[in-house]
Amino acid sequence: MKVVFLTAGAAGMFCGSCMHDNATARTLRELGVDCILQPVYTPIRTDELSVAQDRVFFGGIHIYLLQRMPWIRFVPKLLRRFLDHPGLIRLVSSRAMSTDAAELGALAISMLQGADGRLAEEVERLTDWLASEMNPDVIVLSNLLIGGSIPIIRERLPNTKILVILQGDDIFLDHLPEAERARAIALCSGLVEHVDRFIVHSRFYGDKMSALLGISGNKISHLPLSIDTTAYLRQENKVTRNGTFRLGYLARIAPEKGLHRLVDAFLDLSKRSGNESITLHIAGWLGEMNRPYLDTLRERIDDANLSHRVEYHISPTIEAKAEFLRTLDLLCVPTEYEDPKGLFALEAMASGVAVLLPNHGAFGELISSTGGGVVVPPGNHQELVEAIEKLKLDLELRESLANAGYQSVHSKHSIESATRELMLLFSRSMEGNA
């Protein structure tokens with residue numbers, strides 16, 4: 001079986017979807033599948049060894065210039081190929097701040113228009129590579145937003161099965177201006193008929209995207225969210241370090257991930273008698289555009305004279321992340337939006353740590369599946385504060401949750417078990433039984 005996995009790079013950011021795609025592709029290879037992990041937009045950035053190809057289709061710099069300056073297509077192709085050099089894309093993306101939502105909307109629409117848009121030449125280049133060099137049995141796309149080429153791929157490779165993972169497409173769409181959002185949704189909906197199977201990691205997200213794009217339920221398969229559990233080991237007979245209660249946060253440091261809500265809860269808890277032992281530990285990737293956000297939170301903590309009880313671990317390596325998680329007593333990521341995944345929750349549970357999450361997105365299903373934590377109403381400050389304090393005081397409950405989560409993640413949410421299910425889905429699709 002030959003599989004080409006098209007994964008959308010996220011510039012210089014550590015991206016949960018990229019890391020999950022990388023782990024899946026690596027495991028497919030280990031299980032004997034001829035799998036190529038091919039980046040789109042930018043090279044991927046992971047906290048473990050990347051197995052991705054050292055080339056990029058629809059290079060971010062190239063397509064941005066094609067969108068802004070269509071005349072650039074008359075520049076000789078050989079010269080323009082330099083714009084797709086992975087090193088150049090990494091350099092530029094690492095220094096990029098942000099792009100206007102309207103510009104992103106126009107670019108997304110061009111991407112979704114495929115052969116009918118400004119990126120038609122890139123669509124042809126990708127399709128030629130797939131048809132002439134790869135000829136795969138299965139093509140997997142990491143989201144539908146990179147799927148403008150699907151109709152041409154279907155035409156050129158009629159026997160190849162096309163699967164699309166839905167994992168955050170709506171979040172990008174919701175950040176676009178309304179006119180571009182509506183157009184992009186219409187274009188995504190038009191691609192549905194050309195896709196053999198959609199994959200989601202939660203029933204919540206399957207229902208949401210089915211309603212948004214008009215996907216029939218019999219075209220959607222649910223595969224459990226998974227991680228490579230080998231890096232995450234629990235600390236047996238863990239004792240509270242120096243008598244402190246270590247409250248942790250592990251996610252991208254950004255407003256939508258809700259770090260400010262956890263800081264608010266920490267500040268309030270610290271005012272209560274008996275909570276002098278609570279310390280806050282913050283880890284995650286920080287982009288330049290969100291440095292002011294973190295600086296504001298640091299100032300609030302400093303003003304409360306609590307900086308000595310807060311530690312920052314920015315962009316930890318996978319080894320440092322695993323060690324960080326093992327030291328926690330509780331992980332809490334109170335996201336503002338409906339997260340379709342929650343890899344950080346699985347990583348914490350795989351390390352023997354209970355989690356506290358808002359009851360929206362995929363989190364309710366994740367907690368029901370694992371038994372590894374507690375959910376609270378989203379956006380409810382008081383409920384969040386009370387839940388943290390209850391879990392701090394009730395060691396027996398905390399250990400029970402941690403044990404359940406640990407056992408469940410290692411048995412039901414490992415990357416190997418999920419990848420074996422994915423291979424069965426490939427086989428059924430090829431046999432016409434999916």
Side-chain heavy-atom pair [X], [Y] within 4.5 angstrom cut-off:
X: Val353; Y: Asp329; answer: no
X: Arg183; Y: Gln113; answer: yes
X: Ile199; Y: Leu163; answer: yes
X: Gln167; Y: Ser142; answer: yes

Counting only heavy atoms not in Arg272, do more than 12 fall under 6.0 Å of its CZ?
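Yes, because the 6.0 Å sphere around CZ of Arg272 holds more than 12 heavy atoms from other groups.
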
Within 6.0 angstrom of Lys412 NZ, more than 12 heavy atoms from elsewhere
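Yes - once you tally the heavy atoms of other residues, nucleotides and ligands closer than 6.0 Å, there are more than 12.
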
Is there a donor-acceptor pair under 3.5 Å between the side chain of [X] and the backbone N or O of [Y]?
X: Ser408; Y: Gly405; answer: no
X: Ser369; Y: Glu365; answer: no
X: Lys321; Y: Leu250; answer: no

Is there a side chain to side chain contact (heavy atoms under 4.5 Å, CB included) between Leu294 and Tyr312? Walk through the geometry before answering.
CA-CA 10 Å; Leu294 180 61; Tyr312 303 90; 4.0 Å; yes

Whether the Arg246 and Thr327 side chains hold a donor-acceptor pair (N or O, under 3.5 Å, no angle test) is what I'd like checked.
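Result is yes, a qualifying pair exists.
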
No-hydrogen, no-angle side-chain donor-acceptor test under 3.5 Å, Thr335 and His360
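Yes - a donor-acceptor pair under 3.5 Å links their side chains.
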
State which residue, out of Leu173, Leu176, Asp169, fulfils the side chain to side chain contact (heavy atoms under 4.5 Å, CB included) condition with Ile185.
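Going through the options one by one, the only one that passes is Leu173.
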
Testing Val375, Leu247, Leu384, Leu401 one by one against Leu356 for a side chain to side chain contact (heavy atoms under 4.5 Å, CB included), which residue passes?
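Exactly one candidate clears the test, Leu384.
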
If you look only at pairs with a residue in residues 252-271, which of them pass as a ring-ring contact (aromatic ring centres under 6.0 Å, His included), with sequence neighbours excluded?
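The answer is His260-Tyr293.
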
Pairs satisfying ring-ring contact (aromatic ring centres under 6.0 Å, His included), at least one member in residues 190-222, at least two apart
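Sorted pair list: His20-His201.
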
Chi angles and distances behind the side chain to side chain donor-acceptor pair (under 3.5 Å) call for Asp268, His381
CA-CA 10 Å; Asp268 272 10; His381 172 75; 2.6 Å; yes

Might you work through the side chain to side chain donor-acceptor pair (under 3.5 Å) test for Thr24 and Thr27, ending with a clear yes or no?
CA-CA 5 Å; Thr24 300; Thr27 307; over 6 Å; no

Apply side chain to side chain donor-acceptor pair (under 3.5 Å) to the pair Arg118 and Ser110, showing each step before the final yes or no.
CA-CA 6 Å; Arg118 293 187 178 183; Ser110 288; 5.2 Å; no

Starting from the C-alpha separation in whole Å, work towards a yes-or-no answer on side chain to side chain contact (heavy atoms under 4.5 Å, CB included) for Val310 and Arg298.
CA-CA 9 Å; Val310 180; Arg298 285 183 188 241; over 6 Å; no

For the residue pair Trp129 and Phe57, does the interplanar ring angle fall in the parallel (under 30°), tilted (30 to 60°) or perpendicular (over 60°) class?
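If you compare the ring of Trp129 with that of Phe57, the planes turn out tilted.
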
Take Lys257 and Tyr337 through the side chain to side chain donor-acceptor pair (under 3.5 Å) test and state the conclusion after the steps.
CA-CA 7 Å; Lys257 291 293 186 180; Tyr337 69 101; 2.6 Å; yes

Between Arg26 and Asp228, is there a side-chain N and carboxylate O pair less than 4.0 Å apart?
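A salt bridge is present here (some side-chain N lies under 4.0 Å from a carboxylate O).
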
His281: what forms a ring pair (Phe, Tyr, Trp, His ring centres under 6.0 Å) with it, not counting sequence neighbours?
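His281 satisfies ring pair (Phe, Tyr, Trp, His ring centres under 6.0 Å) with no residue once adjacent residues are dropped.
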
One pair to check against side chain to side chain contact (heavy atoms under 4.5 Å, CB included): Ile220 and Ile215. What are the steps and the verdict?
CA-CA 8 Å; Ile220 296 178; Ile215 306 171; 3.7 Å; yes

